[in-house]
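Labels below follow one simple rule: chain letters A, B, ... track the order of the sequence lines, proteins then strands, and each chain is numbered from 1. Computed from a prediction, not measured in an experiment: that's the story for all the values here.
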2 protein chains.
Amino acid sequence: MSDTPREFQLIARYFRPLAGPGGLGLTDDAALLTPPPGRQLVLTADAMVEDVHFPSTQSADLTARKLLRVNLSDLAAKGATPIGYLLTMAIRRETPESWIADFTAGLRQDQDQFGIVLLGGDSTSIGGPACLSVTMIGHVEPGQAVRRHGARAGDGIWVTGTIGDGALGLAVAQGRLPGDADGWLLNRYRLPSPRFDIGLLSFASACLDISDGLVQDLGHLCRAGVVGAVIEAASVPLSSAARAAGLAWRNICLTGGDDYELLMAVPDEKESVLRAVAQRSGVKLTRIGTFTDTPGKILVRDEGGNDIRLDRHGWSHF
Amino acid sequence: MSDTPREFQLIARYFRPLAGPGGLGLTDDAALLTPPPGRQLVLTADAMVEDVHFPSTQSADLTARKLLRVNLSDLAAKGATPIGYLLTMAIRRETPESWIADFTAGLRQDQDQFGIVLLGGDSTSIGGPACLSVTMIGHVEPGQAVRRHGARAGDGIWVTGTIGDGALGLAVAQGRLPGDADGWLLNRYRLPSPRFDIGLLSFASACLDISDGLVQDLGHLCRAGVVGAVIEAASVPLSSAARAAGLAWRNICLTGGDDYELLMAVPDEKESVLRAVAQRSGVKLTRIGTFTDTPGKILVRDEGGNDIRLDRHGWSHF
């Protein structure tokens, strides 16, 4: 009785080397984690599904890295420091071993880049599209996680980086948008960068990462804070590649998902702190509007002060 | 801009009421968890896939409860106390709301039964079988989690409850095994009971929960402990329903999965502790064999002392 089913061989070969000390070499039913003393844990879980979040043809290492990064982005939006993750993976029985080799190589690359380890998980077969799920764990000073609620009327609406690249990158990937010769948009869609480079978010009264689209995610901050918002469309920072796409794509930039930039509420009196952080970190921070005292009402204004009507506000999975 | 996509409506209606305080009403990107002071966290993740782990026709509340229980069982096998869980759910876009209502009713029932809360998660569509994944979090006294390694030659092999009911219950569900008039086997397959009722496992040198099958899971303990094992087949405790199925089903009991009973290594000098625990808890504990000093070699002996050859050792997903 020395045979070992393929499942365990694959785990031993490809996943065990990714495990941190608490992962017990993935040889146990559960992982052990001694929380950093005096810290609060921050937990998030995001799944990615084949043909919904990534095309079947996408390289497995990119899929793995994006899977980690969309989860890491949620921790970055709370100002948390990542520790590690659990992974559940449902893939077709006939998935070639080379896919698993590439997938785990991607995990390794981003584990090293973001200083995280694999803690545990599960693998199973599925008779359909692959379903990959990560629970990511980080920590913060107790009470210091930046929440979604907390925006007040008068707070500035700020974003990191540039907005809309993710949605335009998807359009490039789907052949709907030509150009993007240097691959900027495509890369922004395929491999978002969790915004850990900005450091602690002590200047923000509320924060989230833009995954569903700027306007829809702004709606989350407004609902949580019981406020409204006005966005000045001309202030929304676009990359050169997004500007090159032309005005016809502007609304897509405002409503498309997958940017993984941070959207924050910043009180006026904290702007000096924000500017110091921007200078120190080198991260571009842009004010794009103001929270208002009309709960739930989000206006997007053009240069002439006229309301822009948007066809859709963002992405919903159902 | 007051419309709310269906995804958020469903989360608000069905999942928000399940969230504990750290879940922030599921209105944030991440959950906050203040670890119990001085305790070590125990983390496990298990996924269930439609048509692999449960039939499409199974009621959603049973599916939800089994999903929680297979994860809780991993914590029980480590002697841990559960806190809560994160859930990612990939279901078809056309899944009726009644399925979600039933699913969350099942979550609620077992949350109450096991004293856990929903901490966070994610929902998405999938163009194929549903994929449901849970990360369950619990805690133990630091260093007291019972690991898979630790079995020594001479330790007794012990199990809780009765073995094989899960596999026979699956056969009943598939129409391969008649009888089971009172539904005992079917219920054992559909709704396993995590073995928290036995309490702390201080008498065990190694432990896991039997999910892949007795012999295969015993193989895990043997590999982890670098030992072998001899099972006396006649000692393996069977329920009346399993005995009624007849000798033809005995090997299925030894190799089939889904029991979620505990399989433990217990040194002779700890047997008195074990017996006291059995008496106090009312949990049936049975010695079924002995760990040996022939690493990796697992023998199953019949009443005459002859080796039983098993066709398969358990379940592998690939």
Quick one: of I126(A), N71(A), D51(A), who has the most non-hydrogen atom pairs under 4.5 Å with chain B? I126(A)
Using atom types as modelled and distance alone, determine if a side-chain donor or acceptor of D209(A) lies under 3.5 Å from a backbone N or O of L262(A). no
Inspect the contact between D307(B) and R301(B) and indicate whether a charged nitrogen and a carboxylate oxygen are less than 4.0 angstrom apart. yes
Any idea which of T88(B), L43(B), T44(B), V42(B) has the most non-hydrogen atom pairs under 4.5 angstrom with chain A? L43(B)
Option that, when pairs with chain B are counted at under 4.5 Å, heavy atom only, ranks first among C222(A), G219(A), C131(A), G128(A): C131(A)
Using a 3.5 Å distance criterion without hydrogens, assess whether the side chain of D217(A) forms a donor-acceptor pair with backbone atoms of D212(A). yes
Apply salt bridge (Lys or Arg N to Asp or Glu O under 4.0 Å) to K78(B) and list each qualifying residue two or more places apart in sequence or on a separate chain. D28(A), D29(A)
Winner by heavy-atom pair count (cut-off under 4.5 Å) against chain B, out of A90(A), G127(A), A145(A), G38(A): G127(A)
So how far is it from L32(A) CG to Q40(B) CD, rounded to the nearest 0.5 Å? 4.5 Å
Which atoms of P142(A) are under 4.5 Å from chain B, going by heavy atoms: the side chain, the backbone, both sets, or neither? neither
What part of L87(A) gets closer than 4.5 Å to chain B, counting heavy atoms only: side chain, backbone, both or neither? neither
Evaluate K66(B) against D46(B) for salt bridge (charged side-chain N to carboxylate O under 4.0 Å, His left out), listing each step before the verdict. CA-CA 11 Å; K66(B) 183 158 184 180; D46(B) 267 313; over 6 Å; no
Measure distances from C207(A) to the heavy atoms of chain B and classify the residue's part below 4.5 Å as side chain, backbone, both or neither. backbone
Go through the atoms of L86(A) and report whether side chain, backbone, both or neither lie under 4.5 Å from a heavy atom of chain B. side chain
